[in-house]
Each structure stands twice: as C-alpha cells, then as structure tokens.
Amino acid sequence: MINVTNKVLKAWHELLSGNLSVPVYRLDAPISEDGNYVLLRVESDTDVPNNHKWVSTPVIISEVVTRFATITDDSIAGDIDSEIAELLYDSPSQHNLPSQDGIQIVAVKRRDQTYLPEDDGSNRYLRLIVRNVHRVEQLIEQS
C-alpha cells in the first residue's frame, strides 16, 4: 500500500497550473503574492481496502483566495471556482485529472463550499474553500 495523497495533489496541480486566470500554489503562497490565487492542499485520507484492491478516499482542498483594498466582491471567488470546475469536468460522469503512476483516480466529488471573509487591517480577503473527495484505487496488486 502506498500513500496516494501526494499523487492526487500532483494531479490537481498539473490540471490547474497555467490553465487558470490566477496562479496556483501547493500548500502556501509566496509572501510576495499580492493578488488573487488558488491554494491546493491535502485535508485528509482514509484507506478503505477490499479483498482485491487498496482503495483510498483522499480529500483535497481547493482554496480560492481573493484580495481587496476596499469593498469585497464575492463574485470573483465564485468565478475562479467556476474555472476550476470547468477544467475538472467536461461532463458529469468523467473528471479530467491527469493520470498518475501507480494509481487510478476513479471519482471526484466537489463538496462543502465555505466562504471565509478576513480583514488584516490593510486588505480584505475572501476565501472560497471547496472539499474535493476522491476515490482512488492503487494499481499494484495486493498479495
């Protein structure tokens, strides 16, 4: 059995990086980042093997971070999240995450959108956090 979360996170980064209207980072943005961006990070993973395969259900967070000098415009975070959804799915039945060695990402479900407003005294931020739940099967046969 292998830890699949890094491979799933890599697939997300490959899909989104360079294809969105904003930069995409894994885990954290550089301190110099002063615009809107997307963060990708692992929230959790659960192993649910059966008698034939190693199966995992990792949760990847896609977090749209928008920054405002004055009034917050909540439509911007929603528009960026729509870009993510359009890249992820061409149809309701098939995701577009690229293949990764040793695993098959069988399904992806976007769940639990949460909006978090922040104010650091200089800027206002609006974060749109989406939990993406996966079903991943390892392609290595169990002995």
Side-chain angles (χ1 to χ4, degrees), residues 1-50 53-142:
M1 179 173 82
I2 60 173
N3 184 330
V4 302
T5 56
N6 195 47
K7 290 177 180 272
V8 176
L9 188 62
K10 181 181 177 197
W12 271 90
H13 194 262
E14 287 175 8
L15 176 70
L16 300 181
S17 186
N19 295 316
L20 290 179
S21 61
V22 297
V24 178
Y25 302 106
R26 289 175 60 157
L27 189 59
D28 201 3
I31 220 152
S32 60
E33 180 61 67
D34 62 0
N36 302 330
Y37 57 91
V38 171
L39 291 177
L40 298 172
R41 58 188 161 85
V42 175
E43 180 186 68
S44 63
D45 187 14
T46 304
D47 292 324
V48 286
N50 58 39
K53 295 182 180 181
W54 294 106
V55 179
S56 298
T57 56
V59 177
I60 302 293
I61 299 294
S62 56
E63 182 174 349
V64 177
V65 180
T66 54
R67 179 181 176 167
F68 306 94
T70 56
I71 305 242
T72 302
D73 180 355
D74 64 338
S75 68
I76 295 173
D79 290 346
I80 296 168
D81 186 60
S82 291
E83 288 181 55
I84 293 170
E86 288 172 10
L87 286 170
L88 182 61
Y89 294 109
D90 284 335
S91 72
S93 63
Q94 183 63 41
H95 68 80
N96 293 322
L97 289 172
S99 298
Q100 301 295 310
D101 291 338
I103 66 169
Q104 179 183 7
I105 302 170
V106 178
V108 182
K109 294 180 182 177
R110 291 169 47 84
R111 296 197 176 159
D112 305 328
Q113 291 187 352
T114 304
Y115 286 87
L116 296 175
E118 297 177 16
D119 188 330
D120 68 3
S122 299
N123 294 291
R124 293 181 178 172
Y125 298 87
L126 182 64
R127 296 174 181 269
L128 170 53
I129 300 168
V130 178
R131 298 177 75 240
N132 302 282
V133 182
H134 305 73
R135 177 181 168 85
V136 178
E137 295 178 357
Q138 293 186 33
L139 301 177
I140 300 165
E141 290 298 317
Q142 184 174 335

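Note that these values count all heavy atoms, side chains included, but never hydrogens, waters or copies made by symmetry.
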Just wondering, do [Y] and [X] contact through their side chains at under 4.5 Å, heavy atoms?
{"X": "Val64", "Y": "Ile84", "answer": "yes"}
{"X": "Asn6", "Y": "Arg26", "answer": "yes"}
{"X": "Leu9", "Y": "Leu40", "answer": "yes"}
{"X": "Tyr37", "Y": "Ile80", "answer": "no"}
{"X": "Asp47", "Y": "Trp54", "answer": "no"}

Closest heavy-atom pair and its distance - [X], [Y]:
{"X": "Ser44", "Y": "Thr5", "answer": "O-CG2, 4.5 Å"}
{"X": "Thr66", "Y": "Asn36", "answer": "CA-OD1, 3.1 Å"}
{"X": "Glu14", "Y": "Pro98", "answer": "OE1-CG, 3.4 Å"}
{"X": "Tyr89", "Y": "Gln94", "answer": "CD2-O, 3.6 Å"}
{"X": "Gly78", "Y": "Tyr115", "answer": "CA-OH, 4.3 Å"}
{"X": "Asn123", "Y": "Ala69", "answer": "OD1-CA, 4.0 Å"}

I'd like to know if Glu137 pairs up with Arg135 as an ion pair, taking the criterion as any Lys NZ or Arg NE/NH1/NH2 lying under 4.0 Å from an Asp or Glu carboxylate oxygen.
yes

- Task: Look only at the side chain of Glu83 and the backbone of Ala85, and say whether a donor-acceptor pair between them is shorter than 3.5 Å.
- Result: no

Might you confirm whether atom CG of Asp119 has over 12 heavy atoms from other residues, nucleotides or ligands at distances under 6.0 Å?
yes

